[in-house]
Amino acid sequence: MSSMKKTALHGFHLAQKAKMEGFAGYHMPISYPKMGVLKEHLYTREVAGIFDVSHMGQYEIRGADRERFIEYVTPVDLQKSHPGHAALTMLTNEKGGIKDDCIVTKMYDHLYLVLNAGCKDKDVAHIHEALKNAPQLRGADVQFIPLERSLIAVQGPKAAIILSEFVDGIPDMDFMSCRQKVNVKGMEVQLSRCGYTGEDGFEIAVSDKDVVPLVELFLAKNAEMVGLGARDSLRLEAGLNLYGHELSEETNPVAARFMWSISKRRMEEGGFIGYDAIKHFKENATKGAVPQLRVGLVSTGPVAREHTVIEVDGKEVGYVTSGCPSPCLKKNVALGYVNRDLAKKGTKVNLVVRDRRVPAEVATPPFVPTNYYRKSQ
């Protein structure tokens, strides 16, 4: 543990007697004794959970060429965005693989970037390499600034009600919108309406000195602490990818069914790392360039975990990337990749779990309906 990094909430987690384990180089809470993983999962679906996600990388990108820069290292389309709008995108490599998925938020005078904890070191090296050596960025006015602050997520159907007790205008915040310099009982926070559970919720950036009192404020309003164990089962029920499982440097966005994140303009104009390769994958997907696609899987009995082989008629046709029992469905759910001709909803397959063939069916995620808040609904 001594070599692991700690968030500003580390002492708070220990005081709560959380079960702690290493994750992405950090000593993080997996669950809390008050409820445990299963009840934490269900409480988030029914009320609201508080997650410490301070291990994520937070950065500001400033300078006159910041938008040109971010549209080179990712396929995000900032012409579609207005200040205060966030977009899920990815850092791509020259072969069209995914270095990381990330969130870019457009502000009036800068961009706000959130990177995955396990990828942020390699991502930052990649970004600096691009700034230094990419001919397209030679002489570009870009400042890449790490932010030393905490990040928590409040997720669940009661999250907006809880936040509304302290902040005006919560109902006016749409999914993937962001507000800066929001006052919560004298604490300045940055508030984004997004999350990783499939529920309505918020990610809140706050100074390290204010994060404990902020969490205590929400705990007093009936939210509960939730660890990374339930965070994983929640995102799986919602059919959300986890980098290093569904996404990797060897995975292209066509196979991962992530092309929805690349706008028509970006695919027509290109200009981002890996564009030629991704265009090739898209145009030749049915001609052998993309032999497997990401799918959902539903089964009962033994749980299929990562690396589980998927078979049809005794022949290997794919593999599981993530799997768990679904607390809401009382079935097992998984994500994985199968041969293109088997990727249709309802296809019957077998999961090889400890030498046992477990019947499963291809499904279309999310497995549990998502509840993101959209004002247009």
Side-chain angles (χ1 to χ4, degrees), residues 57 59 61 63-81 86-106 111 113-116 118-142 144 241-295 318-319 321 335-341 343:
Y59 307 88
I61 305 173
D65 298 312
R66 62 186 181 274
E67 294 191 9
R68 179 162 68 90
F69 160 71
I70 203 68
E71 286 200 350
Y72 172 70
V73 295
T74 80
V76 73
D77 189 344
L78 291 181
Q79 288 187 16
K80 291 177 63 177
S81 298
L88 179 64
T89 185
M90 60 195 127
L91 291 164
T92 46
N93 63 30
E94 292 288 356
K95 295 181 179 180
I98 302 170
K99 295 190 74 71
D100 196 6
D101 56 324
C102 56
I103 292 180
V104 175
T105 306
K106 183 176 183 177
L111 302 173
L113 175 68
V114 178
L115 301 173
N116 282 308
C119 298
K120 60 186 181 183
D121 290 342
K122 73 162 187 174
D123 291 349
V124 171
H126 171 73
I127 284 167
H128 284 302
E129 175 72 17
L131 277 171
K132 180 180 178 182
N133 294 322
Q136 297 93 326
L137 299 175
R138 189 165 292 126
D141 176 16
V142 178
F144 187 77
N241 295 323
L242 177 62
Y243 194 87
H245 293 255
E246 289 70 50
L247 307 178
S248 73
E249 295 258 8
E250 288 71 47
T251 309
N252 68 74
V254 179
R257 301 190 196 243
F258 203 8
M259 288 299 292
W260 61 265
S261 68
I262 307 180
S263 71
K264 181 180 178 182
R265 176 182 77 86
R266 295 312 316 273
M267 280 309 299
E268 287 178 349
E269 296 180 6
F272 57 88
I273 296 172
Y275 167 69
D276 290 338
I278 292 172
K279 184 180 180 183
H280 169 78
F281 288 129
K282 182 182 179 184
E283 293 176 349
N284 298 279
T286 60
K287 303 172 186 175
V290 184
Q292 292 190 324
L293 295 173
R294 182 180 67 86
V295 296
Y319 57 97
T321 50
L335 296 174
Y337 286 82
V338 298
N339 294 349
R340 172 177 287 276
D341 61 332

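No hydrogens, no waters, no symmetry mates; every other heavy atom, side chains included, goes into these values.
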Using every non-hydrogen atom in the two residues, find where A256 and N241 come nearest and quote the distance to one decimal. O-ND2, 4.4 Å
Report yes or no: does D101 contribute a side-chain atom to a donor-acceptor pair with the main-chain N or O of Y243 at less than 3.5 Å? no
Side-chain donor-acceptor distances from residues 275-283 under 3.5 Å, at least two apart:
| residue | atom | partner | partner atom | Å |
| --- | --- | --- | --- | --- |
| Y275 | OH | M267 | O | 2.6 |
| H280 | ND1 | N284 | ND2 | 3.1 |

Flag the pair Y337 / T251 as yes when at least one side-chain heavy-atom distance between them is below 4.5 Å, and no otherwise. yes
How would you list, by chain and number, every residue that makes a side chain to side chain contact (heavy atoms under 4.5 Å, CB included) with R68, sequence neighbours excluded? D65, L137, A140
Is the backbone N or O of C102 less than 3.5 Å from a side-chain atom of D100, with the two atoms forming a donor-acceptor pair by type? no
Distance col, row I70:CD1 vs I127:CD1, nearest 0.5 angstrom, shows 6.0 Å
Across all chains, not counting sequence neighbours, the side chain to side chain contact (heavy atoms under 4.5 Å, CB included) partners of E71 are V76, D77, L78, R265, R266
Partners meeting side chain to side chain contact (heavy atoms under 4.5 Å, CB included) with Y59 (sequence neighbours left out): L113, L115, K120, V124, F144, P146
Hey, could you give me the CZ/CD1 distance between F272 and I262, rounded to the nearest 0.5 Å? 4.5 Å
Do side-chain atoms of T321 reach the backbone of L335 as a donor and acceptor pair under 3.5 angstrom? yes
Would Y319 and Q292 satisfy side-chain contact (heavy atoms from CB on, under 4.5 Å), going step by step from the backbone distance to the final call? CA-CA 10 Å; Y319 57 97; Q292 292 190 324; 3.6 Å; yes
Residue pairs, two or more places apart or on separate chains, that pass salt bridge (Lys or Arg N to Asp or Glu O under 4.0 Å) and touch residues 245-255: K99-E249, K122-E249, R235-E246
Evaluate side-chain contact (heavy atoms from CB on, under 4.5 Å) for I273 paired with Y72, printing each intermediate quantity in order. CA-CA 6 Å; I273 296 172; Y72 172 70; 3.6 Å; yes
Qualifying salt bridge (Lys or Arg N to Asp or Glu O under 4.0 Å) pairs, either residue in residues 127-139, two or more places apart: none
So which atom in A64 and which in D141 form the shortest heavy-atom distance, rounded to 0.1 Å? N-OD2, 3.0 Å
From T74 atom OG1 to I98 atom CD1, the distance as rounded to the nearest 0.5 Å: 12.5 Å
P291 vs R340 side-chain heavy atoms within contact, under 4.5 Å: no
On a heavy-atom basis, the closest approach of H126 and T92 is NE2-O, 3.8 Å
Worked verdict on K106 versus L111 for side-chain contact (heavy atoms from CB on, under 4.5 Å): CA-CA 5 Å; K106 183 176 183 177; L111 302 173; 4.2 Å; yes
Under a 3.5 Å distance rule, please check whether N252 uses its side chain to pair with a backbone N or O of G96 as donor and acceptor. no
Supply the atom-to-atom distance S263 OG to K80 NZ, rounded to the nearest 0.5 angstrom. 5.5 Å
